[in-house]
Amino acid sequence: MPDQSDWEAKAANILKAELKRQGVTYAQLADLIGDKEPNVRNKLSRGKFSAAYFLQCLSSVNVDRLHLS
């Protein structure tokens with residue numbers, strides 16, 4: 001079973017991939033969610049963010065479906 005850091009990395013990688021797929025930069029995401037770019041960059045590089053933050057980011061870039069495999 002993967003440990004916590006494996007799950008954090010997977011969540012961060014999914015979010016980064018979706019941002020790239022949508023053509024959204026960290027600065028643009030920060031504007032969309034009312035955050036600052038360095039905060040977004042740090043959260044995604046560390047993989048330390050809540051499920052609510054993950055969903056907020058995906059929703060703000062109009063991602064409504066994920067394939068998790």
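Values below: every heavy atom of this structure, side chains too, minus hydrogens, waters and symmetry copies.
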Atom pairs and distances, donor-acceptor, side-chain atoms in residues 45-54, under 3.5 Å, two or more places apart:
residue : atom : partner : partner atom : Å
S45     : OG   : R41     : O            : 3.2
S45     : OG   : N42     : O            : 3.1
K48     : NZ   : E8      : OE1          : 3.3
K48     : NZ   : E8      : OE2          : 3.2
S50     : OG   : A52     : N            : 3.4
S50     : OG   : Y53     : N            : 3.0

Handout entry: Linked, directly or transitively: L55 and V40 (ILVMFWY side chains, under 4.5 Å)
Key = yes
Exercise for the section: Only pairs at least two apart or in different chains count here, so list each side-chain hydrogen bond (donor to acceptor under 3.5 Å, both in side chains) that has a residue in residues 55-65. Expected result: none
Problem - Qualifying salt bridge (Lys or Arg N to Asp or Glu O under 4.0 Å) pairs, either residue in residues 19-30, two or more places apart - result: E18-R21
Practice task
To the nearest 0.5 angstrom, please state how far the CG atom of L66 sits from the CG atom of L58.
Solution key: 5.5 Å
Completion exercise
Quick note, ring pair (Phe, Tyr, Trp, His ring centres under 6.0 Å) partners involving residues 23-42, not counting sequence neighbours, are none
Enumerate donor-acceptor pairs with a distance under 3.5 Å from any side-chain N or O in residues 27-37 to protein atoms, sequence neighbours excluded.
residue : atom : partner : partner atom : Å
Q28     : OE1  : T25     : N            : 2.8
Q28     : OE1  : T25     : OG1          : 3.3
D35     : OD1  : N39     : ND2          : 2.9

Exercise for the section: Check V63 against Q22 and note the closest heavy-atom contact, atom names and distance. Expected result: CG2-NE2, 3.9 Å
